[in-house]
Amino acid sequence: MSDVFLRPPFDNLARQHRAVAFGMWLFLVSEVLLFSGLFAGYGLYRGIYPAGFLAAGRETDIVYGTVNTAILMTSSFTIAVAGRAARADLGRMAWWLLVLTFLLGFSFLILKGFEYREDIARHLLPGSDFALSQSGAQIFFSYYWIMTGVHAVHVTCGLIAVLRLIIVSRKNFAWLSGSASEDATALYWHLVDVIWIVLYPILYLVGRAHG
Amino acid sequence: MDKRSPHREIWFRPLLVWIGLCALLAATCALAYVPLGEANFPISLCIAALKAALVGMVFMRLFENNALNRLAAAAGPIWVFVMFLLMGADYFTR
């Protein structure tokens, strides 16, 4: 069974799994640096326009933001348990947990879509008819749209990767424990969760106590 | 051996972390409405860092991983710190 998953240049599956995890960690670090550039820009502009950022932060929808945070953290939990189940040869349980992870991730995107629709209706898209007059508020919302947009692209990529696991292993649950794909996909999905955990306070909690 | 032990092993630690994450989410959301002046933002960032560390250590298994992966994972925060340090050195000395 293990020979099916073995790829050159590796001579055993354990080493192949370690190499995949290490490669994935290096990729994740590059992703962290991508988002860090955005965080740095946000931090600088927040320093220049503190009042505008506080006023703009109050306009994001904290209900959508908080519910979506809970959804993404729960999906991170389900995929973490899925990996543990796969390694314990509980393939069927792992497969259903991956399905649950996919559904949670998909519902995150659906809610984000509803939130974007409301944001647009309230004229929170930077441009000539932007709703807020404080200087710096448009810059805050530029970061809001870019950061949540880039994050949504990552969620979509993660969902495609999770869906691939579900489809490939649907008739052979043991595939989840033999292949290194489950571990790599789970690592990526957790990073998507970690990025959102940081986005939540800087986009949704700003200015709430200053109303 | 207890027949249910694999399930307990699989669920126990992640479940504890998930409960912790939910508690921290509730705490950070509630604290955001408490007027603490300049302290609101750093407190919410510290809670976010704690949540991210929990996900990294337990869900991403850095706790039980090999040193090579821990080193790779540590490279992210280290270089982010350097970037913010250099940026701050420029911004705050102008």
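Quick note on labels: first sequence line is chain A, next is B, and so on, each numbered from 1.
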Is [X] close to chain A through its backbone or its side chain, or both, or neither, when contacts mean heavy atoms under 4.5 Å?
X       : value
B:Ile43 : neither
B:Arg13 : neither
B:Val17 : neither
B:Phe84 : side chain

Intermediate values then yes/no, side chain to side chain contact (heavy atoms under 4.5 Å, CB included), A:Leu205 and B:Tyr33:
CA-CA 8 Å; A:Leu205 301 183; B:Tyr33 287 91; 6.0 Å; no

Can you label the angle between the A:Trp196 ring and the A:Tyr204 ring as parallel, tilted or perpendicular, going by 30° and 60°?
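If you compare the ring of A:Trp196 with that of A:Tyr204, the planes turn out tilted.
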
Could you walk me through whether A:Met24 and B:Asn69 satisfy the side chain to side chain contact (heavy atoms under 4.5 Å, CB included) test, starting with their C-alpha distance in whole Å, then the side-chain angles of each, then the deciding distance to 0.1 Å, before giving a yes or no?
CA-CA 9 Å; A:Met24 197 61 195; B:Asn69 287 358; over 6 Å; no

Side chain to side chain contact (heavy atoms under 4.5 Å, CB included), that's the test. Do B:Asn40 and B:Leu31 meet it? Break it down for me.
CA-CA 7 Å; B:Asn40 278 106; B:Leu31 279 172; 5.5 Å; no

Any side-chain heavy atom of A:Phe35 within less than 4.5 Å of one from A:His154?
yes

Can you find a heavy atom in the side chain of A:Val155 that is under 4.5 Å from one in the side chain of A:Trp189?
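Yes, side chains in contact.
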
Name of the residue among A:Tyr144, A:Tyr143, A:Tyr42 meeting ring pair (Phe, Tyr, Trp, His ring centres under 6.0 Å) with A:Phe53
A:Tyr42

Is A:Ile79 close to chain B through its backbone or its side chain, or both, or neither, when contacts mean heavy atoms under 4.5 Å?
neither

Given heavy-atom pairs under 4.5 angstrom as the criterion, report whether the side chain, backbone, both or neither of A:Val81 touches chain B.
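Interface part for A:Val81: both.
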
Heavy-atom pairs under 4.5 Å with chain A, option from [options] with the top count:
options                            : value
B:Ala75, B:Cys29, B:Gly88, B:Ala49 : B:Cys29
B:Trp79, B:Trp11, B:Phe59, B:Tyr91 : B:Phe59
B:Leu24, B:Leu45, B:Leu68          : B:Leu68

